[in-house]
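Okay, structure first, notes after.
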Amino acid sequence: MLTYDSFKSLYVMFYYRKRLRPPRKKKYRVLDKVNMFVETTTGFEKKGGVFLGTSITLLIGGSIAGWKAVGLFYGVLLGIAFSVTPALVLKIKLEAIRNRGSREGETFLAELISRYRMSSYNMNSCLEMLTQSEKTGSVCYKQCQEVLSRARESSRSRELYRCADGFSYAIGTNWSRMLAYNIGQSICFGYNVMSGMEDILSQLREARQQEEERKRMNSESARLVLFMVPFTYAITVYFTISWLGLGVGKLVKNQFCTSAGISFLLAIAFLFLINLVLISMVRNRRFDY
């Protein structure tokens with residue numbers, strides 16, 4: 001009886017230290033990651049296997065075609081380029097989605113907090129109210145529908161806790177990961193996460209001031225790659241025809257009907273696509289803190 005209060009305070013201290021401890025990094029299978037990637041960019045659920053199968057088919061088909069045309073080594077490189085191209089295209093779309101979704105954070109979180117109060121701190125009711133007032137083209141509101149549907153379909157606490165993982169992946173920022181963690185805690189365990197969401201909102205407002213400094217970044221390099229690569233190719237074709245005296249028919253034949261010509265053209269297109277991915281990652285800086 002004399003030591004009861006001391007042991008109780010010690011237990012409370014350890015309990016809250018455990019709650020404040022950052023969650024362990026979740027382990028996903030490769031197929032789970034690909035499913036999330038495809039679903040976020042295309043909207044098709046659980047099509048990661050189809051995407052992987054298509055990529056492997058492109059790899060094998062491109063390698064065989066390239067092997068017969070330009071040899072084994074360059075054929076394998078050609079197959080790799082073919083198989084990676086769909087992922088690069090979807091990666092560009094994913095970066096655009098994340099950029100758009102990250103900039104909705106401040107407005108979306110303010111409305112989420114308001115709805116959370118109105119629903120008496122019930123996250124499921126809060127998300128239902130948000131989905132009823134969905135805004136067209138909004139990434140955050142669309143992801144809220146996904147969170148709500150996953151929460152309704154989940155039967156185990158582990159699945160409930162991870163129901164907001166798609167939300168954090170679709171936006172890909174620190175504030176989205178923190179918000180997803182709070183949503184998972186509230187849905188799975190019924191915790192009141194009002195203070196956590198208010199803290200995220202205050203940090204987003206501070207980050208808004210830093211966003212103005214990011215806009216001063218020079219975008220000339222992006223424009224150079226976007227316009228100069230096709231322009232340089234067109235100028236090369238013009239000089240080849242006008243200065244070297246090579247006819248249009250001969251040029252087209254050399255470019256598209258020879259192994260060296262088609263290999264160089266595909267290499268140019270593939271490297272140009274990689275540059276576009278890098279540019280989209282630099283230009284579409286996500287709003288975060």
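Because the structure is a prediction, the values reported are computed rather than measured.
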Worksheet entry | Arg152 and Glu128: CA distance, side-chain angles, deciding distance, salt bridge (charged side-chain N to carboxylate O under 4.0 Å, His left out) verdict | CA-CA 11 Å; Arg152 287 172 175 171; Glu128 287 180 3; 2.9 Å; yes
Item to complete: Report the C-alpha distance between Arg98 and Ile171 in whole Å, list the side-chain angles of each, state the deciding distance to 0.1 Å, and finish with yes or no for side-chain contact (heavy atoms from CB on, under 4.5 Å).
Response: CA-CA 4 Å; Arg98 286 178 167 178; Ile171 300 174; 5.5 Å; no
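Using a cutoff of 4.0 Å between basic side-chain nitrogens and carboxylate oxygens, Glu104 and Lys142 are not scored as salt-bridged.
Counting only heavy atoms from C-beta outward, the side chains of Glu39 and Phe44 never approach each other to under 4.5 Å. Looking at heavy atoms from C-beta onward, Thr131 lies out of side-chain contact with Tyr141 at the 4.5 angstrom threshold. With a 4.5 Å cut-off on side-chain heavy atoms, Tyr116 and Asn122 do not count as touching. By the 4.5 Å heavy-atom criterion applied to side chains, Leu266 and Phe82 are counted as neighbours. In this structure the side chain of Ile187 reaches within 4.5 angstrom of the side chain of Val147, judged on heavy atoms. Two residues are said to be in side-chain contact when any heavy atoms from C-beta on lie closer than 4.5 Å; Trp67 and Val76 fail this criterion. In this structure the side chain of Ile92 reaches within 4.5 angstrom of the side chain of Leu273, judged on heavy atoms. Residues Leu112 and Leu179 meet the side-chain proximity criterion, which asks for heavy atoms closer than 4.5 Å.
Distance check: Asp32 CG to Tyr169 OH gives 12.0 Å after rounding to the nearest 0.5 Å. Put simply, CG on Leu78 and CD1 on Ile64 are 12.0 Å apart, with the number rounded to the nearest 0.5 Å. In this structure, CZ in Arg103 is found 4.5 Å from CG in Asn99, a value given to the nearest 0.5 Å. To the nearest 0.5 angstrom, Ser55 atom OG is 9.0 Å from Leu59 atom CG. One finds the OG atom of Ser120 at 10.5 Å from the CG atom of Asn192 (value rounded to the nearest 0.5 Å). Between the SG atom of Cys163 and the CD1 atom of Ile183 there is a distance of 7.5 Å, given to the nearest 0.5 Å.
The closest donor-acceptor contact from the side chain of Thr40 to the backbone of Phe37 lies at 3.5 Å or more, if one exists at all. Remark: the backbone N or O of Gly261 is paired with a side-chain donor or acceptor of Gln255 at under 3.5 angstrom. Side-chain N or O atoms of Ser242 include one that pairs as donor or acceptor with a backbone N or O of Tyr238 at under 3.5 Å. Side-chain atoms of Ser149 come within 3.5 Å of backbone atoms of Glu146 as a donor-acceptor pair (strictly under, hydrogens ignored). Distance alone, capped at 3.5 Å, places no donor-acceptor pair between the Tyr121 side chain and the Gly190 backbone.
Partners of Arg117 by side-chain hydrogen bond (donor to acceptor under 3.5 Å, both in side chains), not counting sequence neighbours, listed by chain and number: Glu198. Every side-chain hydrogen bond (donor to acceptor under 3.5 Å, both in side chains) that Glu106 has, sequence neighbours left out, goes to Arg208.
Considering every non-hydrogen atom in both Leu127 and Cys144, the closest pair reads CD2-SG, 3.9 Å. The two residues Trp175 and Cys140 have their closest heavy-atom pair at CH2-SG, 4.2 Å. When every heavy atom of Met178 is checked against every heavy atom of Asn182, the shortest pair comes out as O-ND2, 2.7 Å. Across all non-hydrogen atoms, the minimal contact from Lys47 to Asn35 is N-OD1, 3.5 Å. Taking both residues in full, the closest heavy atoms of Val193 and Ser186 are given as CG2-CB, 3.9 Å, listed atom of the first, atom of the second, then distance. For the pair Ala151 and Asn124, the tightest heavy-atom approach, listed with the atom from each and the gap, is CB-OD1, 4.2 Å.
Hydrophobic clustering (side-chain heavy atoms under 4.5 Å, transitive across Ile, Leu, Val, Met, Phe, Trp, Tyr) groups Ile262 together with Tyr233. A continuous path of hydrophobic side-chain contacts links Leu31 to Met36 [ILVMFWY only; heavy atoms under 4.5 Å]. Note on Phe264 and Val248: separate hydrophobic clusters, where clusters join Ile, Leu, Val, Met, Phe, Trp and Tyr whose side-chain heavy atoms are under 4.5 Å apart, directly or indirectly. Taken together through direct or relayed side-chain contacts under 4.5 Å among Ile, Leu, Val, Met, Phe, Trp and Tyr, Phe272 and Ile80 form part of one hydrophobic cluster. No path of Ile, Leu, Val, Met, Phe, Trp and Tyr side chains, each step under 4.5 Å between heavy atoms, connects Val50 with Val89, placing them in separate hydrophobic clusters.
With hydrogens and angles left out, the side-chain atoms of Ser176 and Thr173 include a donor and acceptor closer than 3.5 Å. A donor-acceptor contact closer than 3.5 angstrom links the side chains of Gln203 and Asp199.
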